[in-house]
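Since the structure comes first, as structure tokens, the remarks are kept for the end.
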Amino acid sequence: MKIITLDGPAGAGKSSAAKLLASKLGWCHMDTGAMYRAVALAALQRNVSLENEKALAQLAAKIEIQFQSGLVLLNGEDISAEIRIDRVTAATRPVADAPSVREEMTTMQRNFSKKFNLVTEGRDQGTVVFPQAELKVYLDASPTARAARRYHERIVRGDTSCSVEQILDSQFKRDQGDKNRPVGAMEAAKDAIIIQTDGLTLENVVNHVLDLARVRGLTSN
Ligand code: DC
């Protein structure tokens, strides 16, 4: 099946772009951040210690994650909203840092790619999981633009608990964690096309990626 990878930091517009791109292409959108979040949520629900890498990997191997009509399902249950709460975001860090959890997630992600054409978003999709992908894109943006986007997303959800400054601070810490993890660190693949999204609309970004996809023969329209 065909694969387009969209990697990059939180707040660069990956999710919206991946969603719209997948819908325009009629492909499946795989949100791999949501997969790590789902493992973290499952660990919290089952009281699995976030420090016990082996137990986390065993848990990751036995849960079922599905993407259905824009929803994320964990063992058949809709967890789309719950995985975005701060407690789950914090728990996702040790989960995503654990190499053996990443191995399980990589296997699950590659299995999805056997069944569906994928627009996959994450941190390591072009580098580790799908180095053979037909098109690799890395979306980036300035820290302030990313924090502003995150802030706006929270306001839309009715969450006014954080200032832009607080988001900038936690974003910086998360970037450090994402860039420095020993396995699956966030980086652009050598052959990725880097798009700086500051000042670009969602349509601009998606049209740019669609143009690239067309040039590579991934779409006829
Ligand atoms: O994209 P996101 O914010 O939902 O990702 C949640 C966390 O999971 C984030 O800290 C980065 C991590 N992640 C990862 O390590 N590898 C991926 N492919 C996707 C996300």
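We count ligands from 1, going down the list as the structure has it; atoms in each ligand are counted the same way. Only a predicted model underlies this, so the values are computations on that prediction, with no experimental measurement involved.
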Electrostatic pair Asp124:Arg102 at N-O distance under 4.0 angstrom: yes

Spacing of CG belonging to Leu41 relative to CZ belonging to Arg87, to within rounding of 0.5 Å: 8.0 Å

For atom 5 (O) of ligand 1, closest protein heavy-atom neighbour: Gly33 CA, 3.5 Å

side-chain hydrogen bond (donor to acceptor under 3.5 Å, both in side chains) partner of Arg37, the single match among Thr89, Thr32, Thr92, Asp31: Thr89

For atom 2 (P) of ligand 1, the option (of Arg123, Arg93, Met105) bearing the nearest heavy atom: Arg123

Which residue and heavy atom of the protein sit nearest atom 8 (O) of ligand 1, plus the separation: Thr92 CG2, 3.7 Å

Min N/O separation Tyr36 to ligand 1 under 3.5 Å: no

Short N or O distance, Thr32 and ligand 1, threshold 3.5 Å exclusive: yes

Heavy-atom nearest neighbour in the protein, as seen from atom 10 (O) of ligand 1, with distance rounded to 0.1 Å: Asp178 OD1, 3.3 Å

Stepwise side chain to side chain contact (heavy atoms under 4.5 Å, CB included) check, Asp159 with Tyr151: CA-CA 9 Å; Asp159 177 355; Tyr151 181 72; over 6 Å; no

For Arg150, the ligand 1 atoms whose distance to one of its heavy atoms is below 4.0 Å: 3 (O)

Ligand 1-proximal atoms of Met186, by part, heavy-atom distance under 4.0 Å: neither

Nearest neighbour in protein (non-hydrogen) for atom 4 (O) of ligand 1: Arg37 NE, 2.7 Å

Protein residue, atom and distance nearest to atom 12 (C) of ligand 1, heavy-atom basis: Ala96 CB, 3.9 Å

Residue part near ligand 1, for Arg102, under 4.0 Å between non-hydrogen atoms: side chain

Carboxylate-amine/guanidinium proximity below 4.0 Å for Lys62 and Glu104: no

Part of Glu121 within contact of ligand 1 (heavy atoms, under 4.0 Å): neither

Numbering as shown, the atoms of ligand 1 that approach Arg84 to under 4.0 Å (heavy-atom distance): 4 (O)

Residues Asp86, Arg154: salt bridge by 4.0 Å N-O rule: yes

Mode of Gln125 contact toward ligand 1 - side chain, backbone, both, neither (heavy atoms, under 4.0 Å): side chain

Modelled atom types, side-chain donor and acceptor of Asn204 and Thr201, under 3.5 Å: yes

Validation row: Leu168, Pro143 side chains within 4.5 angstrom (heavy atoms): yes

Ligand 1 contact on Met30 by region, counting heavy-atom pairs under 4.0 Å: neither

Flag for Glu121-Ser15: side-chain donor and acceptor within less than 3.5 Å: yes

Side chain, backbone, both or neither: Val129 near ligand 1, heavy atoms under 4.0 Å: neither

Note: Arg123-Asp7 ion pair, threshold 4.0 Å (strictly below): no

For atom 3 (O) of ligand 1, closest protein heavy-atom neighbour: Arg174 NH1, 2.9 Å

Note: Asp175-Arg146 ion pair, threshold 4.0 Å (strictly below): yes

Under-4.0 Å heavy-atom contact with ligand 1, by part of Arg181 that carries it: side chain

